[in-house]
Amino acid sequence: MKVETRARPASPARGRRLGAFVFLAPGLTYLVVLLLVPLALVLSYTVFQRGRFGGVIYEFTHENFTRLFDPLYLGVVGTSMKIAGLTTLIALLIGYPTAYLIAQLPRKWKTIALVAIVLPFWTNFIIRAYAWIMLLSGPGLINSGLGVLGLEPVELLYNQGAVVTGLLYSYLPLMVLPLYATIEKLDPQLREASANLGASAFTTFRKVTLPLTVPGVMTGCLFVFVPSFGNFVIPEMLGGGKTVMVGNLIRTEFLSARDWPFGSTLTLALIAVLLVLLIAQAWVARRA
């Protein structure tokens, strides 16, 4: 008796999983090779010692974590949080009205306004920083204008104000875009209903618009605070080395002092701060 066997057809679910793996493989490879592996190496260096001439000696120590609480380094962290927080606050005060205004424009003008917002990103980051140096320096455009008006020149460069200005200019679009996306999705009938019930424009904004846009506010603040907190290019160029932030300290430990273990510990501390901020943002957004 001859028994015929048939090949079992491939399961649709198995085919979908295979297709998903094929599409995800390049991104996962990039994530593992260029993010997870370097991050694991950095984290492993935190428990080792610095060599006499730099590098890493693979002998266990907890000294790197103890040094984190040195007043010198705590002061750098405090300065970084102050500058990043001030930058975020100013970006919110400028970005919210800007996003609200763009959301009220006709569709054609919305596109033009959004392109204008992201237009600075089309220029190299370093070039934008040099442009601010030319504007804020002693013989720069602003002080030249003050001279024409008969006023004394003002020291605008190489201070914390210049650093905040550079960070604000660099990351303001990251505040406007999430706010615009949130405000754009609001149902206009909610504001109309508030007005019909006798609420003023300010009351409507305070009790209807603002609470509904809290997730966008939190996202925008996170997008501005995180890169501002770890930035080292703007403090170096516009601060003239007088303003030291966490990013500058990490760069110095790795490249100048060649203290990789302590530089890795600072990096770990920075990542921990950012994770706390991400968790707080998610919690506030969920409650809102």
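Everything quoted here is computed from the prediction, not taken from an experiment. Numbering of residues begins at 1 and proceeds along the displayed sequence.
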| task | Begin from the C-alpha positions of Thr267 and Tyr45 and carry the test side chain to side chain contact (heavy atoms under 4.5 Å, CB included) through to its verdict. | result | CA-CA 11 Å; Thr267 304; Tyr45 288 161; over 6 Å; no
| query | Run the side chain to side chain contact (heavy atoms under 4.5 Å, CB included) check on Thr243 and Asn159 step by step: do they pass? | reply | CA-CA 7 Å; Thr243 301; Asn159 51 49; 5.8 Å; no
| task | For side chain to side chain contact (heavy atoms under 4.5 Å, CB included), just list the numbers for Met245 and Val163, CA-CA rounded to whole Å, side-chain angles, deciding distance to a tenth of an Å, and then say yes or no. | result | CA-CA 10 Å; Met245 296 179 65; Val163 175; 4.2 Å; yes
Mind checking whether [X] and [Y] have side chains closer than 4.5 Å, heavy atoms only?
X: Arg50; Y: Asn64; answer: no
X: Thr61; Y: Val47; answer: no
X: Phe232; Y: Ile250; answer: no
X: Leu174; Y: Phe121; answer: yes
X: Val244; Y: Thr79; answer: no
X: Leu68; Y: Tyr73; answer: no
X: Gln281; Y: Val226; answer: no

| message | Check whether Thr265 reaches the backbone of Pro261 with its side chain - one donor and one acceptor, N or O, closer than 3.5 Å. | response |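 It does hold such a pair.
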| task | Evaluate side chain to side chain contact (heavy atoms under 4.5 Å, CB included) for Leu266 paired with Phe262, printing each intermediate quantity in order. | result | CA-CA 6 Å; Leu266 288 169; Phe262 186 59; 3.7 Å; yes
| Listed by chain and number, what are the side-chain hydrogen bond (donor to acceptor under 3.5 Å, both in side chains) partners of Ser200, not counting sequence neighbours? |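 By the side-chain hydrogen bond (donor to acceptor under 3.5 Å, both in side chains) rule, Ser200 matches Thr203.
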| query | Does anything in residues 134-191 pair up under ring-ring contact (aromatic ring centres under 6.0 Å, His included), and if so which pairs, sequence neighbours excluded? | reply |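 Sorted result for residues 134-191: Trp132-Tyr169.
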Distance-only check: which donor-acceptor pairs under 3.5 Å involve side-chain atoms of residues 89-99, not counting sequence neighbours?
| residue | atom | partner | partner atom | Å |
| --- | --- | --- | --- | --- |
| Tyr96 | OH | Thr213 | OG1 | 2.7 |
| Thr98 | OG1 | Ile94 | O | 2.7 |

